[in-house]
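Let me begin by presenting the structure, written as structure tokens, before commenting on it.
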There are 2 protein chains.
Amino acid sequence: MDSAPPAPPSSPSPWLPFESRRRARDEKREAVLRAAVQLFLEQGYHRVTLNEVAERLNITKPALYNYFRGKDEILFECWSMGAELVDSVITEINAGGGSGLAKLRKLVHAYAGLMATDFGASLVRFDLRDLTERNAGVARAAKKRIDTTFRKYISGGIDDGSIRPCDPKLAAFAIAGALNWIGHWYRRDGGLSPSEIADEFTVRLTEGLATEGRQQMTKKTPRAPQRRNSGRATTGKKRTGGGTR
Amino acid sequence: MDSAPPAPPSSPSPWLPFESRRRARDEKREAVLRAAVQLFLEQGYHRVTLNEVAERLNITKPALYNYFRGKDEILFECWSMGAELVDSVITEINAGGGSGLAKLRKLVHAYAGLMATDFGASLVRFDLRDLTERNAGVARAAKKRIDTTFRKYISGGIDDGSIRPCDPKLAAFAIAGALNWIGHWYRRDGGLSPSEIADEFTVRLTEGLATEGRQQMTKKTPRAPQRRNSGRATTGKKRTGGGTR
DNA sequence: ACTTTTTCTTACCCGTGGGTAACATATCGG
DNA sequence: CCGATATGTTACCCACGGGTAAGAAAAAGT
């Protein structure tokens, strides 16, 4: 018979029922976040009790208070995990070169993929009003940074000629909205893989913006490649995402 | 001489503090919904108490139970108001003619406008998990109808040649996502009017799909482009209708 | 071994807010 | 004017769940 404690379905907890509990503190902390984010997404923050979170980890509620100040802090930390993912994506894109359109496409692709992860989805499915005013402020700032990045890539693309003139603010809203919505409808057991979604959205959300979008038009390189060069001469190998579709 | 009780700021309640309370039942019921939807959007369903809703209407909590079975039914009825708005829009579009693309544009335009209303926003900002299983089922069905309509217009447009071949499912997700997101960021006191948003989104979300997007391609303009320019008073560069370039 | 510190459990508190019972007061048909 | 019916009010109940206190049980230090 299975006298050994039955392993929980997925992402096994560091606290096995009666076993060695010698993991590092940070690992446990993160395990709490993984369990919590999953439950919060499944059932919604307000319907999840700390007892449930604890139970899923084979511990009891007060034990959670060794790692977090309270429920809202757990929520915030989950949210922050997602924000960090996005921030690192942005940092990486900024580090690389490319036209505004190329950067935008990279961002769209990576962001779409993130929306299919738990922490990524938490970014758009959690209600910031559940946080303390202080944490909500941090979160708002992070959102602002992300939004600004979208706009920056778009207006940068307009300047360098890779994107047709448009209102960067509304274009960013439209693109970010379509992406954020992924976090609401994506299901792991659905018919679509994250990479399929990311590939398709990268095309769909930028095809209307590109100056050289279809096979038509003069197929010349981006017209008048950046003359308003503010420093970094990123010319190099552009090839604005033309590839595989 | 306004010796009468001072009217509350906006959307005056039928229950004036000590005055005639002789309005029809349905009007009162709807007044409850208007007050509720506003509070739910402002603060979030779980943070709004029935006492608050009642207070805003100059009544007390138990009085609400004359019109609704409970809090969750109020939520559902608010949601339904939004759903009915969308349904009537769809019915009207279906009644009219036009290519798939034309219908899609009408839907995008109307839907964007709805997202800037309280009941419209409630459609995407309320959590269906707060409803009873029965009501949640109704809501899911309504959402399904809306989604189906988007896809139908798109695949219809592909068939009639007004829309370039693409995956209708993902295209619908992208468009609906961008639109739904309006319900999350739109603020009445922001710098953008609903009609500006609707106009811009109508262009932005369909320009990538149209077979005749830019100045080339066939001539069969299905309908005259909406010259409904109501007020183009914002940031200078914005050529909504024209496919110039 | 022994203390000390960290981690976790049992048992409890208590504010909150949806919901109800019982009663009061309009409103209306006649 | 009078009961019947809608409509509101006051006063209360109580389940729920976040949070805490006090102490057991490991881990770690000595």
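Naming: A, B, ... by sequence-line order, numbering from 1 per chain.
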Original post:
So, B:Asp130 and B:His46: side-chain donor and acceptor under 3.5 Å apart, yes or no?
Top reply: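 The criterion, which ignores hydrogens and geometry beyond distance, is satisfied for B:His46 and B:Asp130.
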Rounded to whole angstroms, how far apart are [atom1] on [X] and [atom2] on [N]?
| X | N | atom1 | atom2 | value |
| --- | --- | --- | --- | --- |
| B:Leu57 | D:dT9 | CG | P | 11 Å |
| A:Ile59 | C:dT7 | CD1 | P | 12 Å |
| A:Asn66 | D:dA26 | CG | C1' | 13 Å |
| B:Ile74 | C:dG17 | CD1 | P | 15 Å |
| B:Phe68 | C:dT20 | CZ | C1' | 19 Å |
| B:Tyr67 | C:dG19 | OH | C1' | 18 Å |

**OP:** Give a yes/no verdict on a cation-pi contact between A:Lys71 and A:Tyr45, requiring under 6.0 Å between NZ or CZ and the six-membered ring centre and an angle within 45° of the axis.
**Re:**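 Verdict for A:Tyr45: a cation-pi partner in A:Lys71.
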Taking N or O atoms only and anything under 3.5 Å, show me the protein contacts with nucleotides 16-22 of chain D, one pair per line.
unit_1	atom_1	unit_2	atom_2	d
D:dG18	OP1	A:Val48	O	3.3
D:dG18	OP1	A:Lys71	NZ	2.9
D:dG18	OP2	A:Leu50	N	2.9
D:dG18	N7	A:Lys61	NZ	2.9
D:dG19	OP2	A:Tyr65	OH	3.0
D:dG19	OP2	A:Lys71	N	2.9
D:dG19	O5'	A:Tyr65	OH	3.3
D:dG19	N7	A:Lys61	NZ	3.0
D:dG19	O6	A:Lys61	NZ	2.7

Subject >> Salt-bridge criterion met for B:Lys169 and A:Glu200 (N-O under 4.0 Å) >> reply: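 Salt bridge between B:Lys169 and A:Glu200, a charged N being under 4.0 Å from a carboxylate O: no.
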Original post:
Are any of the side-chain nitrogens in B:Glu55 or B:Lys61 under 4.0 Å away from the carboxylate oxygens of its partner?
Top reply: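 So B:Glu55 does not pair with B:Lys61 through a salt bridge.
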**OP:** Kindly say if A:Thr60 contacts the phosphate of C:dC8, meaning a side-chain N or O under 4.0 Å from OP1 or OP2.
**Re:**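 It does not, given that no N or O in the side chain of A:Thr60 lies less than 4.0 Å from OP1 or OP2 of C:dC8.
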Original post:
Can a side chain N or O of B:Arg25 be found less than 4.0 Å away from OP1 or OP2 on D:dT7?
Top reply: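 Yes, such a contact exists.
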Subject >> Centroid separation A:Tyr111 to A:Phe150 less than 6.0 Å >> reply: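 Close enough - the centres of the two rings lie under 6.0 Å apart.
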**OP:** Compute the ring centroids of B:Phe173 and A:Trp181, then answer whether they are less than 6.0 Å apart.
**Re:**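 No, they do not, as the ring centres are separated by 6.0 Å or more.
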